[in-house]
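We count ligands from 1, going down the list as the structure has it; atoms in each ligand are counted the same way.
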Amino acid sequence: MDPVYRGGYPFVPYRSPHLSPQEARARAEAVRSRLDARRSVRDFSAEPVPRELIASAIQAASTAPSGAHKQPWTFVAVSDPSIKAQIRRAAEEEERRSYDERMSPEWIEAIAPLGTDWRKPYLETAPWLVVLFAQRWGIGPGGERIKHYYVQESCGIAAGLFICALHESGLSTLTHTPSPMGFLSKILGRPDNERPMILFPIGHAAEDALVPDIERKPLEQVSVWLEGG
Ligand code: IYR
């Protein structure tokens with residue numbers, strides 16, 4: 001179908017699928033329940049995962065809305081064992097300093113129920129590591145800087161869709177944010193316009209994987225409703 005023009009730019013028709021009330025309710029409940037079954041995983045199986053699954057999840061993430069549609073993200077996918085080993089070594093070095101010196105007692109106490117420490121074996125066990133880099137600005141065809149908008153928000157939404165897509169394909173992940181994470185730019189050879197934002201180990205949960213026995217806030221605690229009219 002030919003586009004129509006608005007302000008000189010092409011527009012195409014979009015029809016959102018209008019479901020019956022019953023179908024809409026059933027789907028809403030199904031997606032709620034599937035997402036509720038997701039857990040952050042730190043015990044991974046070494047079982048390989050085909051690159052196509054990772055590629056599809058990156059494409060799903062990349063459907064995220066973004067400021068001025070600049071799509072200011074780069075996903076770096078690593079399955080090379082020697083690069084994973086380098087990342088683990090560097091991450092553990094930083095984490096050891098964080099746990100020993102940088103994190104406040106209050107912070108240590110807040111994450112105590114998660115059972116974490118400086119050791120990050122999953123950075124080598126998980127078959128894939130994907131690092132989401134936020135592009136602070138873009139680079140045009142002639143090398144010129146392209147301004148990006150709402151970079152953190154856009155990348156945060158892309159990260160959420162990525163996690164959802166992985167979960168839907170039966171994979172587990174963790175939003176790991178070793179701090180500081182400049183080492184990721186160096187090891188992965190990323191340019192200066194990109195900042196590492198989240199490191200996702202990805203794979204199947206180990207058969208004996210355990211997750212913290214924690215609960216999600218109920219609807220009443222996470223929402224306010226102003227209805228009527
Ligand atoms: N980055 C550290 C510490 C950590 C911080 C938060 I906030 C968490 O929710 C969990 C862990 C680590 O990965 O161990």
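By the ring pair (Phe, Tyr, Trp, His ring centres under 6.0 Å) test, Phe44 pairs with no residue at all, sequence neighbours left out.
The shortest distance between side-chain heavy atoms of Phe200 and Leu132 falls below 4.5 Å. The shortest side-chain heavy-atom distance between Val12 and Val4 does not fall under the 4.5 Å cut-off.
Remark: side-chain polar atoms of Gln135 are paired, donor with acceptor, to backbone N or O of Trp73 under 3.5 angstrom.
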Name every donor-acceptor pair, under 3.5 Å, that has one atom in a side chain of residues 216-223 and the other anywhere in the protein, sequence neighbours excluded.
| residue | atom | partner | partner atom | Å |
| --- | --- | --- | --- | --- |
| Arg216 | NH1 | Asp36 | O | 2.8 |
| Arg216 | NH1 | Asp36 | OD1 | 3.0 |
| Arg216 | NH2 | Arg38 | O | 2.9 |
| Ser223 | OG | Leu219 | O | 2.7 |
| Ser223 | OG | Trp225 | NE1 | 2.8 |

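Within the structure, every pair that satisfies the ring-ring contact (aromatic ring centres under 6.0 Å, His included) test and touches residues 97-147, not counting sequence neighbours, is listed here: Tyr122-His176.
Contact shell of ligand 1 (protein heavy atoms, cutoff 4.0 Å): Glu95, Tyr99, Met103, Trp107, Ile111, Leu114, Thr116, Asp117, Lys120, His176, Thr177.
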